[in-house]
Amino acid sequence: MAKPETSLVLDSFSLKILLELQRDARQTVAQLSAAVGLSPTPCWKRVKEMEAAGVIRGYTARVDPEKVGLHLTVLVEVNLTHHAEDLVQRFEQAVAVSPHIVRCQSTTGQSDYLMTVIAPDIKHYERLLHDTIFRLPGVTHVRSSIVLREVKSEVALPIGQSTTPGHR
C-alpha cells in the first residue's frame, strides 16, 4: 500500500536541492548543502521532507541500454476494447509486471496508451508482441514505431525554467 503523500511548499532552497539532486544524486549532504547555500542539517531535513511528501520518488542509476544488450526501443500505441474500470485496472496491472515495458502512459488522442518497450532485438520484440502485448487485457489495436536514433533523453525535470523560448 502506498504511503499517503503530504502537501509541501517548495521554496527556492528546496527547488535548488531538487535541481542539484537531479544533476547528481550521489553527492553527500555536505556537497549538496554547499551547492545550494544551506547548512547541512536543514538541507538534510528538506531532502527527508521531500522524500516523505513524495516529491522525491527515489534514486536510480542511468544505464546505457546498448551496453547491456538492449538494442531496440519501440514506441507502442495501444487501444483497448472499452474503458470499464476493471478492464483498465487489469491492463495496467499486467503492464506493471512486464519488465520490457519500461514506460506506459495513459493518453488522449488516437491511442489509449503509449508504451516504451526495450528489447535486445526485433526477434525478441516480435515474441514480446505475441506473447505479452497482444495478450494484455482488453487490447484491440497495437501500432509499433521502431526508434531509429535517440535524439534527446532527459530525466531531469525543468524545475524553475521558463517555458518562453530564449527566456532565462
Side-chain angles (χ1 to χ4, degrees), residues 1-78 88-89 91-109 111-121 124-125 128 132-133 136 145-168:
M1 182 175 204
K3 258 194 301 193
E5 295 181 4
T6 59
S7 177
L8 183 69
V9 176
L10 301 175
D11 64 9
S12 63
F13 284 113
S14 296
L15 295 176
K16 286 179 188 175
I17 290 168
L18 291 172
L19 284 170
E20 274 300 307
L21 287 174
Q22 287 186 128
R23 186 185 63 75
D24 180 6
R26 292 182 60 174
Q27 51 190 312
T28 65
V29 173
Q31 291 169 319
L32 184 59
S33 67
V36 301
L38 201 58
S39 61
T41 300
C43 185
W44 178 81
K45 284 182 179 178
R46 284 172 187 259
V47 170
K48 292 300 171 194
E49 287 171 355
M50 288 189 284
E51 288 172 351
V55 174
I56 297 173
R57 295 193 283 185
Y59 302 89
T60 188
R62 293 187 65 194
V63 177
D64 184 326
E66 292 277 328
K67 293 188 175 158
V68 295
L70 298 168
H71 304 285
L72 185 71
T73 301
V74 184
L75 303 177
V76 182
E77 296 177 50
V78 175
V88 168
Q89 283 181 354
F91 171 84
E92 291 178 1
Q93 288 168 349
V95 164
V97 299
S98 179
H100 288 278
I101 301 172
V102 296
R103 182 172 211 150
C104 180
Q105 299 165 309
S106 175
T107 60
T108 63
S111 60
D112 296 321
Y113 290 90
L114 180 61
M115 302 188 304
T116 302
V117 175
I118 299 189
D121 55 38
H124 282 87
Y125 177 65
L128 180 71
T132 302
I133 296 173
L136 290 170
S145 297
I146 305 295
V147 174
L148 298 175
R149 178 173 53 96
E150 191 169 78
V151 176
K152 182 177 181 179
S153 176
E154 284 296 323
V155 291
L157 300 176
I159 297 169
Q161 302 295 314
S162 170
T163 57
T164 307
H167 184 268
R168 292 181 186 245

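In this text the structure is predicted, and so the values were computed from the model without any measurement.
Closest heavy-atom contact between Val63 and Val68: CG1-CG1, 3.8 Å. Closest approach of Gln27 to Leu21, counting heavy atoms only: NE2-N, 4.4 Å. Closest of all the heavy-atom pairs between Ala119 and His124 is CB-CB, 4.3 Å. The two atoms that bring Met115 and Cys104 nearest to each other are CG-SG, 3.7 Å, heavy atoms only. Across every non-hydrogen atom of Leu38 and Ser33, the tightest pair is O-CB, 2.8 Å. Summarising the geometry of Val47 relative to Ile56, their closest heavy-atom pair is O-CD1, 4.1 Å, with the distance given to 0.1 Å.
The shortest distance between side-chain heavy atoms of Phe91 and Asp112 does not fall below 4.5 Å. Counting heavy atoms from C-beta on, the side chains of Val78 and Leu136 never come closer than 4.5 Å. Residues Leu18 and Leu10 meet the side-chain proximity criterion, which asks for heavy atoms closer than 4.5 Å.
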task: Could you please spell out the steps behind the side chain to side chain contact (heavy atoms under 4.5 Å, CB included) verdict for Thr73 and Glu150?
output: CA-CA 9 Å; Thr73 301; Glu150 191 169 78; 5.8 Å; no

- request: Start with the C-alpha distance between Arg46 and Asp11, add both sets of side-chain angles, then the distance that settles side chain to side chain contact (heavy atoms under 4.5 Å, CB included), and finish with yes or no.
  value: CA-CA 10 Å; Arg46 284 172 187 259; Asp11 64 9; 2.6 Å; yes

From CA spacing to verdict: side chain to side chain contact (heavy atoms under 4.5 Å, CB included), His100, Ile118: CA-CA 5 Å; His100 288 278; Ile118 299 189; 5.5 Å; no

task: Apply side chain to side chain contact (heavy atoms under 4.5 Å, CB included) to Arg62 and Ser153, showing your working.
output: CA-CA 11 Å; Arg62 293 187 65 194; Ser153 176; 3.7 Å; yes

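Considering OG of Ser12 and CD1 of Ile17, their distance stands at 9.5 Å, rounded to 0.5 Å. Distance check: Leu19 CG to Ile159 CD1 gives 5.0 Å after rounding to the nearest 0.5 Å. Atom-to-atom distance recorded for Ile101:CD1 and Ile133:CD1 is 5.0 Å, nearest 0.5 angstrom. In this structure, CZ in Arg103 is found 9.0 Å from CG in Leu114, a value given to the nearest 0.5 Å. The distance from the NZ atom of Lys16 to the SG atom of Cys43 is 11.5 Å, given to the nearest 0.5 Å. Separation of atoms CG (Leu72) and CD (Glu66) is listed at 9.5 Å; rounding is to 0.5 Å.
Scanning for ring pair (Phe, Tyr, Trp, His ring centres under 6.0 Å) contacts around Tyr125 gives an empty result, with sequence neighbours left out. Annotation: salt bridge (Lys or Arg N to Asp or Glu O under 4.0 Å) contacts of Arg23 (sequence neighbours excluded): Glu20.
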